[in-house]
Structure formats: C-alpha cells, structure tokens
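Remember, it's a predicted structure, so these values are computed and weren't measured experimentally. Residue numbers count from 1 along this sequence.
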Amino acid sequence: MESCRINIEMEGDTAVIHCTVSVHHKTGVEMEALTGASIAALTIYDMCKALSHDIVISDTRLLSKDGGKSSHVVQEAS
C-alpha cells in the first residue's frame, strides 16, 4: 500500500508537523516525506502571515527511515 500522511500537532505556540510516506519500491522516499512536511509548514505560514510575519520554520529533519539501501532512526538525546 502506498500512502502519505501529514499530522500537525500544536505544542503551545509551536506546530509540530510529521509526514509519513510509505511505498512498495526498492528506493526510499525520505525526500518526499521532507518535501511534504516543508510544504505543510509553508502552507501554515501562508495562512497565518496576516497575523504575524515573525513565524519561523525550523528543524526540518528525517526522524526515521526503513527500507531502501539503509535504515535510519534518530537517537533521542538523553
């Protein structure tokens, strides 16, 4: 099954965006997931810019990847 899911959660004044992508191919789709999260952040900025131009989009990063040539999981800082 192929899918793309975007989840946006509010933590105080901060929106946390997670984009999960899955496909049944031999290649990873981390770039598509990063693009999806970035577009969601830009859409939020566009909808909220009338309220403030001080909105910051930051910390776009890959949290985990399974499949393709390699797997990756971000280790949480202790």
Original post:
For V29, what are the other residues in its hydrophobic cluster, where any two members join if their side-chain heavy atoms are less than 4.5 angstrom apart?
Top reply: V21, V23
Subject >> From CD1 (I55) to CE (M47), nearest 0.5 Å >> reply: 9.5 Å
Original post:
When rounded to the nearest 0.5 angstrom, what distance separates NZ in K49 from CG in D46?
Top reply: 4.0 Å
Subject >> Working for side-chain contact (heavy atoms from CB on, under 4.5 Å), residues M10 and V16 >> reply: CA-CA 6 Å; M10 293 302 297; V16 177; over 6 Å; no
Original post:
What pairs meet the side chain to side chain donor-acceptor pair (under 3.5 Å) rule with one or both residues in residues 1-10, with sequence neighbours excluded?
Top reply: E2-H25, S3-S22, N7-E9
Acceptor/donor pairs from residues 31-44 side chains to any protein atom, 3.5 angstrom cut, sequence neighbours excluded:
{"unit_1": "T35", "atom_1": "OG1", "unit_2": "M31", "atom_2": "O", "d": "2.8"}
{"unit_1": "S38", "atom_1": "OG", "unit_2": "L34", "atom_2": "O", "d": "2.9"}
{"unit_1": "T43", "atom_1": "OG1", "unit_2": "I39", "atom_2": "O", "d": "2.8"}

